[in-house]
Participant: 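Here it is, the structure in full.
Just so it is clear, the structure is predicted and the values come from calculations on it, not from any experiment. Both ligands and their constituent atoms are indexed starting at 1 by order of listing.
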Amino acid sequence: MECSKAKVQIDTSTGKLTGEDVSKSTRQLKHLQGIFEDQAAYEAMNPETIVYEVEMHDKETLGTEGGLLFGTSYIYPGKVGKEYFMTKGHFHQKRNRAEYYWGIQGHGVLLFMSETGEVTAEEVLPCSLHYIQGYTAHRLVNIGEDVLAVGACWPSDAGHDYADILERGFSKKVRERNGVPFIE
Ligand code: S6P
Ligand code: ZN
C-alpha cells in the first residue's frame, strides 16, 4: 500500500504526524508565565515566540481507561536568560500512569522529578528510549541548536497535572554556563 493512503501517517525521520485524528497544540512564551526563572528576560522577549508544539494522535477520548495516546513534541532551540527552552512539565493526574518517550531529532535532556522532589536526568538523542515511571514528573529541555523532536506514548486516562509544577517548579534547572549546558 502506498503510504499516502494510510489513514494516519508518521514520518519516522521527523516524527511528523498527519491524517485522521491528528491534532496540534502550540505553546508560545505567553502561555509559559512562571515557568522560566528569569522574569526580566522573559518579559523582554516577544510573547508570541513559539517554544514548543505537540502533535497528537487522539483516536481515544481523553480519560478513557485502557486506551493509549501517541504524540510528537517539538521543542524549538532558544533560551530565556540562561535557561534553555523547555516544556511546562507535569505529573500525570492519575499519578501511577507511566509513559514512553523516544528521541527522534535534535539534542535534549529529559528531567524526571519524584513526588518528594528528587531530580534525575537522561540525555535525549535520536536513538534514545526513555521510560517514565508513574509518580514521576517529566520535562523536556532542548540543549541543542536545532529542533528537538521527541515521540511519546501514554495512557489515555493519565491526564496532566500542571499545578504542582507551577507551584514548586523542578528542583533542578538546565542552564547554560560558559556555552555549555549544566544541570544544577
Ligand atoms: C503527555 C506527554 C507529552 C507532553 C508534551 C508537552 O503525557 O508527556 O505529550 O504533554 O511533551 O509537555 P507539557 O509538559 O507541556 O504537557
Ligand atoms: Zn506525560
Side-chain angles (χ1 to χ4, degrees), residues 8 10 14-17 21-36 42 49-78 80 83-115 119-126 128-144 147-174:
V8 193
I10 180 163
T14 61
K16 186 160 183 54
L17 299 173
D21 302 306
V22 172
S23 60
K24 184 171 167 180
S25 58
T26 300
R27 295 274 178 265
Q28 294 160 283
L29 271 176
K30 65 183 179 190
H31 302 126
L32 301 173
Q33 179 70 50
I35 297 292
F36 294 96
Y42 175 82
T49 307
I50 297 175
V51 178
Y52 61 100
E53 294 181 295
V54 182
E55 282 170 356
M56 206 169 122
H57 180 239
D58 47 7
K59 175 87 183 160
E60 202 69 77
T61 312
L62 295 185
T64 303
E65 195 180 325
L68 294 170
L69 297 169
F70 186 97
T72 306
S73 301
Y74 305 91
I75 299 91
Y76 294 102
V80 177
E83 208 174 3
Y84 296 92
F85 278 9
M86 60 187 179
T87 59
K88 285 164 87 167
H90 58 272
F91 284 99
H92 290 149
Q93 218 161 5
K94 285 201 176 157
R95 284 289 199 275
N96 68 353
R97 297 305 196 250
E99 179 163 7
Y100 270 111
Y101 275 6
W102 57 96
I104 301 170
Q105 280 194 316
H107 189 194
V109 169
L110 170 58
L111 292 177
F112 302 88
M113 185 169 75
S114 70
E115 289 185 297
V119 170
T120 56
E122 289 180 2
E123 192 173 3
V124 183
L125 295 161
S128 58
L129 180 70
H130 310 274
Y131 182 63
I132 302 162
Q133 289 184 303
Y135 305 95
T136 308
H138 36 293
R139 163 177 281 169
L140 285 165
V141 186
N142 186 347
I143 57 167
V147 65
L148 172 68
V150 178
C153 187
W154 69 101
S156 41
D157 65 347
H160 295 84
D161 176 0
Y162 295 109
D164 197 324
I165 298 301
L166 255 182
E167 207 171 292
R168 61 172 161 151
F170 271 63
S171 37
K172 283 194 181 169
K173 304 275 178 197
V174 188

Participant: Consider ligand 1: state whether an atom of it lies below 4.0 angstrom from any non-hydrogen atom of Ala158.
Facilitator: no
Participant: Could you grab the distance from atom CD of Glu99 to atom CH2 of Trp154, nearest 0.5 Å is fine?
Facilitator: 6.0 Å
Participant: If we only count N/O pairs under 3.5 Å, is Gly89 in contact with ligand 1?
Facilitator: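 Min N/O separation from ligand 1 is below 3.5 Å for Gly89.
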Participant: Identify the two heavy atoms, one from Glu60 and one from Gly67, that lie closest to each other, and give their separation to 0.1 Å.
Facilitator: OE1-CA, 3.7 Å
Participant: With rounding to the nearest 0.5 angstrom, report the CG to CG distance, Asp157 to Leu68.
Facilitator: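 The distance works out to 9.5 Å.
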Participant: Which heavy atom in Trp102 sits nearest to a heavy atom in Leu129, and how many Å separate them?
Facilitator: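 In terms of heavy atoms, the two residues are closest at CB-CD1, 3.9 Å.
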Participant: Around atom NZ of Lys173, are there more than 12 heavy atoms from other residues, nucleotides or ligands closer than 6.0 Å?
Facilitator: yes
Participant: Compute the minimum heavy-atom distance from His92 to ligand 1 and say whether it is under 4.0 Å.
Facilitator: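 Contact check His92 vs ligand 1: positive.
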Participant: Which heavy-atom pair separates Val141 from Leu148 by the least distance, and what is that distance?
Facilitator: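 Smallest interatomic distance, heavy atoms only, reads O-CD2, 3.6 Å.
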Participant: Near the Zn ion (ligand 2), which protein N/O/S atoms are found at less than 2.8 Å?
Facilitator: His90 NE2, His92 NE2, Glu99 OE1, His138 NE2
Participant: Between Val109 and Lys172, is any pair of side-chain heavy atoms under 4.5 Å apart?
Facilitator: no
Participant: Which is closest to atom 12 (O) of ligand 1 in terms of heavy atoms, Thr87, Thr72, Ile75?
Facilitator: Thr87
Participant: Got the closest protein heavy atom to atom 4 (C) of ligand 1, with its distance?
Facilitator: His90 CE1, 3.7 Å
Participant: Quick check for you: to the nearest 0.5 Å, what is the distance between Leu166 atom CG and Ile35 atom CD1?
Facilitator: 4.5 Å
Participant: For Tyr162, give me all partners under ring pair (Phe, Tyr, Trp, His ring centres under 6.0 Å), at least two apart in sequence or on another chain.
Facilitator: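 Per chain and number, Tyr162 pairs via ring pair (Phe, Tyr, Trp, His ring centres under 6.0 Å) with His90, His160.
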Participant: Starting from atom 15 (O) of ligand 1, what is the nearest protein heavy atom, named by residue and atom, and what distance separates them?
Facilitator: Tyr52 OH, 2.5 Å
Participant: Would you please test Leu62 and Met56 for side chain to side chain contact (heavy atoms under 4.5 Å, CB included) and show each step?
Facilitator: CA-CA 12 Å; Leu62 295 185; Met56 206 169 122; 4.0 Å; yes
Participant: Which protein heavy atom lies closest to atom 7 (O) of ligand 1, and at what distance to 0.1 Å?
Facilitator: Glu99 OE1, 3.0 Å
Participant: Are there more than 12 heavy atoms of other residues, nucleotides or ligands under 6.0 Å from atom CD of Gln133?
Facilitator: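 Not more than 12 within 6.0 Å, no.
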Participant: Note the single closest protein heavy atom to atom 16 (O) of ligand 1, along with its residue, its atom name and the distance in Å.
Facilitator: Tyr162 OH, 2.5 Å
Participant: Is any N or O atom of Ser73, backbone or side chain, closer than 3.5 Å to an N or O atom of ligand 1?
Facilitator: yes
Participant: Regarding Tyr76 and Glu53, is there a side-chain donor-to-acceptor distance under 3.5 Å anywhere?
Facilitator: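 A pair is found: one side chain offers a donor N or O, the other an acceptor, under 3.5 Å apart.
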Participant: May I ask you to identify the nearest protein heavy atom to atom 9 (O) of ligand 1, giving residue, atom name and distance to one decimal place in Å?
Facilitator: Trp154 CH2, 3.6 Å
Participant: Quick test: of every protein heavy atom, which one is nearest to atom 8 (O) of ligand 1, and how far off is it to 0.1 Å?
Facilitator: Tyr101 OH, 2.7 Å
Participant: Heavy atoms only: which of His160, His138, Glu55, Glu53 is nearest to atom 10 (O) of ligand 1?
Facilitator: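 Nearest heavy atom to atom 10 (O) of ligand 1 lies in His160.
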